[in-house]
Amino acid sequence: MHEIPLVSVALATYNGERYLRRQLDSILAQTYRSIEIVVSDDCSRDGTVAILDEYRRAHGITFQVNERNLGFVRNFEQALAGCRGEFIALSDQDDIWLPEKIETLVREIGPHSLIYTDALLIAGDDQPLPGSLVEVSGVRPVSGTCFEYFVCNNCVTGCTAMLRRDLLATALPIPEAETYHDWWLAVAASRCNGVVYHAAKLTKYRQHAHNYTGANVRAGLPTRIAAHLMGKTAAEKRGYYELLADRARRYRVMADRLNLTPAQRSFLEEIGEYAESLLSGGNRMKIFALALKHRDTLFPAAGRWEKLLFVFSKLIAARAI
């Protein structure tokens, strides 16, 4: 009889007592039966640890409590490091999984290092919200070994994703300056066997006042263009350019670990120059030329004419703020 692969569920918790039972129950109700649940708790001060201990005794889940608060990226790293499965699914503490989620991800991942999906949206009271995660966030899902795309953009939401355990050889430890574990995992996967997007909605992704990240409704085209040209998103843009400049520097240092090609190293140099010039108010023609060359990577969700407007805006105001 063929033994089905073990799937580890890496769950990071922090003061999650309000919704944790519903998430754990939805994982335990999966149609795929070969599952272990590995939890890392980041020094919760509410009843989270008591709930975890209850589920440990009743259902055999594994959990540890960190000696000090690590933050959500390091907390996920702790959970990942404790997983034994051939596949690892990432879980937030406050969502609800559809019963067929793990079975579908295992079936659809194929040879890829990481698979991710769309998600339904629910409110704090479990009521459905309009749209889906992909629809309201305005991202463009991609598949493949698209390193350049993932340097500049992230369309992988961790709670929808599953990865092959062998990806951890490249992905761990997570670099110190990474702000999102799922973004980094997508970058690492793009340098292994790639990522694949599956359009099914297998997670009820909760939107409420206390979740760390969430979906934001995408503004209409005129609003986005006006914000871009008039600087209404200046602080957000500056933060993005700072992230991009730092990432370009760090990934060049990590070139051997990421097994980067000469073309990818050159891309990082150009993207780093683009971001740093925007931050310092450098040569506008150079910024314009780089924005034009890399417009499909820098503005992936924009239409053709919107991309060109964003590119030409670099001639008007090159600085992020």
Side-chain angles (χ1 to χ4, degrees), residues 109-116 139-156 161 163-164 166-197 237 239-280 282-315 318 320:
I109 192 171
H112 303 93
S113 295
L114 183 148
I115 184 172
Y116 67 107
V139 300
R140 180 174 66 84
V142 300
S143 299
T145 53
C146 35
F147 171 75
E148 293 83 358
Y149 176 91
F150 282 116
V151 170
C152 301
N153 310 278
N154 185 33
C155 55
V156 174
L163 54 123
R164 291 186 175 274
D166 57 16
L167 177 61
L168 297 184
T170 298
L172 297 186
I174 298 175
E176 285 296 326
E178 290 293 333
T179 52
Y180 298 103
H181 63 288
D182 45 12
W183 197 342
W184 164 248
L185 289 170
V187 170
S190 76
R191 298 305 304 134
C192 295
N193 290 324
V195 303
V196 62
Y197 173 67
K237 285 193 293 183
Y240 171 71
Y241 295 138
E242 289 172 345
L243 179 149
L244 199 57
D246 177 69
R247 176 166 288 179
R249 286 192 297 268
R250 286 188 290 107
Y251 290 177
R252 290 202 301 272
V253 173
M254 297 169 58
D256 290 340
R257 175 177 171 182
L258 291 170
N259 193 28
L260 298 183
T261 66
Q264 288 164 339
R265 297 181 191 215
S266 177
F267 169 80
L268 290 175
E269 291 175 3
E270 291 185 349
I271 287 297
E273 183 180 0
Y274 167 80
E276 289 167 5
S277 295
L278 280 165
L279 290 166
S280 64
N283 186 300
R284 293 186 179 184
M285 285 304 300
K286 181 67 172 180
I287 294 170
F288 168 79
L290 290 172
L292 182 64
K293 179 178 180 179
H294 298 296
R295 62 188 182 278
D296 290 335
T297 300
L298 290 168
F299 316 114
R304 177 184 177 186
W305 295 111
E306 189 179 359
K307 282 185 174 72
L308 290 176
L309 280 171
F310 289 167
V311 169
F312 277 99
S313 75
K314 305 308 176 188
L315 292 173

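If you read the sequence from its start, that first residue is 1, and numbering goes on from there. We use all heavy atoms of the structure for the numbers below, so side chains are in, but hydrogens, waters and symmetry mates are not.
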With a 4.5 Å cut-off on side-chain heavy atoms, are [Y] and [X] touching?
X	Y	value
Trp184	Thr179	no
Val142	Cys155	yes
Thr297	Val151	no
Tyr274	Lys286	no
His181	Glu178	no
Arg250	Arg247	yes
Glu276	Arg249	yes
Leu114	Arg164	no

Show the nearest heavy-atom pair for residues [X] and [Y], with the distance to one decimal.
X	Y	result
Ala245	Leu279	CB-CD1, 4.4 Å
Thr170	Ala188	CG2-CB, 4.1 Å
Lys314	Phe299	CE-CZ, 4.2 Å
Thr145	Asn193	CG2-C, 4.2 Å

- Query: Counting distance only, does the side-chain N/O of Arg191 pair as donor-acceptor with the main-chain N or O of Leu258 below 3.5 Å?
  - Reply: yes
- Item | Check ion pair Glu270-Arg265 (N to O, under 4.0 angstrom) |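 Salt bridge flag = no for Arg265 with Glu270.
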- Task: Specify whether His294 and Phe267 have parallel, tilted or perpendicular ring planes, treating 30° as the upper limit for parallel and 60° as the lower limit for perpendicular.
- Result: perpendicular
- Look at the aromatic rings of Tyr116 and Tyr197 and report parallel, tilted or perpendicular, splitting at 30° and 60°. tilted
- Task: Please round to the nearest 0.5 Å and tell me the distance separating atom CG of Asp182 and atom CG of Leu163.
- Result: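 One gets 11.0 Å once the value is rounded to the nearest 0.5 Å.
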